[in-house]
Each structure stands twice: as C-alpha cells, then as structure tokens.
Peer 1: 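Please find one structure pasted underneath; my questions will follow.
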Amino acid sequence: MSDEIRIDLVNDKGQKKTYTQTLIPLQKLLDGLDLQEKFEKEEIKSQTDGVKKKVEFVAGCFDDEDVTADSILKGLDVRQFEEKIDGIINIVMGIDPETKK
C-alpha cells in the first residue's frame, strides 16, 4: 500500500493539480465505518446523496483547504469516480479492492 493518497483535480482555470495526503488520522476510519453503516441501514436514501457523502468523506481526508467536496465535484472527471473516490475510501478503510466483493 502506498504511503499517501492522492487526487488530481482541475481548477476553475482548467489547470490540473495533484493533491497528496500522507497522514490519514485514525478518526477517518471511524468516520468511514459510520458512513458504511448508513449505507447498509439505507439511511442514505438516494444515489445523489450517496455520491455527495462519499465525496465529502474523501475531501475530509485531505488537509489542503483547496480540496473540498465542491472542488472534487467540479474538478474530478466523472470517469475517474469509482477509481479515485471509491479507491481512496478503500485505502482509508483498509479494503483490498482485489478481494472486495
């Protein structure tokens, strides 16, 4: 596993920037477990809300103030959603995507 998480975002000027985060506090694991529980209990009612909750979770993993839920929603290519957003969530949760079912 890599020592850091990273996300590439395009800003309002069309410039691509890579953001990295080395320390992921243990609290993020607890937050992730809470989010997972909400999905399992179907407390998150719509797919739209589900996407927003995942993006908010990922944004909260980065210390850089430029990485926000809004900047991710505007600056991440939709074709990278599963790879990047779900990938970062899997890293934080300690899930190996190869063994995940």
Peer 1: Should I7 and T18 be marked as a side chain to side chain contact (heavy atoms under 4.5 Å, CB included) after you check the CA-CA gap, both sets of side-chain angles, and the distance that decides it?
Peer 2: CA-CA 6 Å; I7 192 166; T18 300; over 6 Å; no
Peer 1: Are the charged groups of E37 and K41 less than 4.0 angstrom apart, N to O?
Peer 2: yes
Peer 1: Flag the pair I5 / T20 as yes when at least one side-chain heavy-atom distance between them is below 4.5 Å, and no otherwise.
Peer 2: no
Peer 1: Is any side-chain heavy atom of N11 closer than 4.5 Å to one of K17?
Peer 2: no
Peer 1: Would you check, one step at a time, whether the test salt bridge (Lys or Arg N to Asp or Glu O under 4.0 Å) holds for D49 with K45?
Peer 2: CA-CA 7 Å; D49 287 341; K45 300 293 183 191; over 6 Å; no
Peer 1: More than 12 foreign heavy atoms under 6.0 Å from CG of D34: is that the case here?
Peer 2: yes
Peer 1: Taking the side chain as everything from C-beta on, heavy atoms only, tell me whether I85 gets closer than 4.5 Å to I89.
Peer 2: yes
Peer 1: Please give me the minimum heavy-atom distance between E56 and A69, naming the atom from each residue.
Peer 2: CG-CB, 3.9 Å
Peer 1: If you draw a 6.0 Å radius around CD in Q27, do more than 12 non-hydrogen atoms from other residues or ligands fall strictly inside?
Peer 2: yes
Peer 1: Could you give the distance from NZ (K54) to CD1 (I44), rounded to the nearest 0.5 Å?
Peer 2: 9.0 Å
Peer 1: Can you list the steps and then say if D8 with Y19 is a side chain to side chain contact (heavy atoms under 4.5 Å, CB included)?
Peer 2: CA-CA 6 Å; D8 297 323; Y19 298 91; over 6 Å; no
Peer 1: Nearest 0.5 Å please: distance from the CG atom of D63 over to the OG1 atom of T22.
Peer 2: 9.5 Å
Peer 1: Can you tell if the side chain of K28 reaches within under 4.5 Å of the side chain of C61, non-hydrogen atoms only?
Peer 2: yes
Peer 1: Does the pair L33 and M93 meet the rule for a side chain to side chain contact (heavy atoms under 4.5 Å, CB included), with working shown?
Peer 2: CA-CA 8 Å; L33 290 170; M93 299 300 293; 3.5 Å; yes
Peer 1: Honestly curious: do I91 and L26 fall in one hydrophobic cluster under the side-chain, below-4.5 Å linking rule?
Peer 2: yes
Peer 1: Of the non-hydrogen atoms in L76 and Q80, which two are nearest, and what is the gap between them?
Peer 2: CD1-OE1, 3.4 Å
Peer 1: Does the side chain of K52 reach to within under 4.5 Å of the side chain of F57, using non-hydrogen atoms?
Peer 2: no
Peer 1: Could you tell me whether the side chain of F62 reaches within less than 4.5 Å of the side chain of I24, counting heavy atoms only?
Peer 2: no
Peer 1: For the pair E4 and R6, find out whether any cationic side-chain nitrogen is under 4.0 Å from an anionic carboxylate oxygen.
Peer 2: yes
Peer 1: Hey, could you give me the OG1/NZ distance between T48 and K53, rounded to the nearest 0.5 Å?
Peer 2: 12.5 Å
Peer 1: Given side chains that start at C-beta, do those of Q15 and V10 come closer than 4.5 Å, heavy atoms only?
Peer 2: no
Peer 1: Taking all non-hydrogen atoms of both residues into account, name the closest pair between D66 and S71 and its distance.
Peer 2: O-OG, 2.8 Å
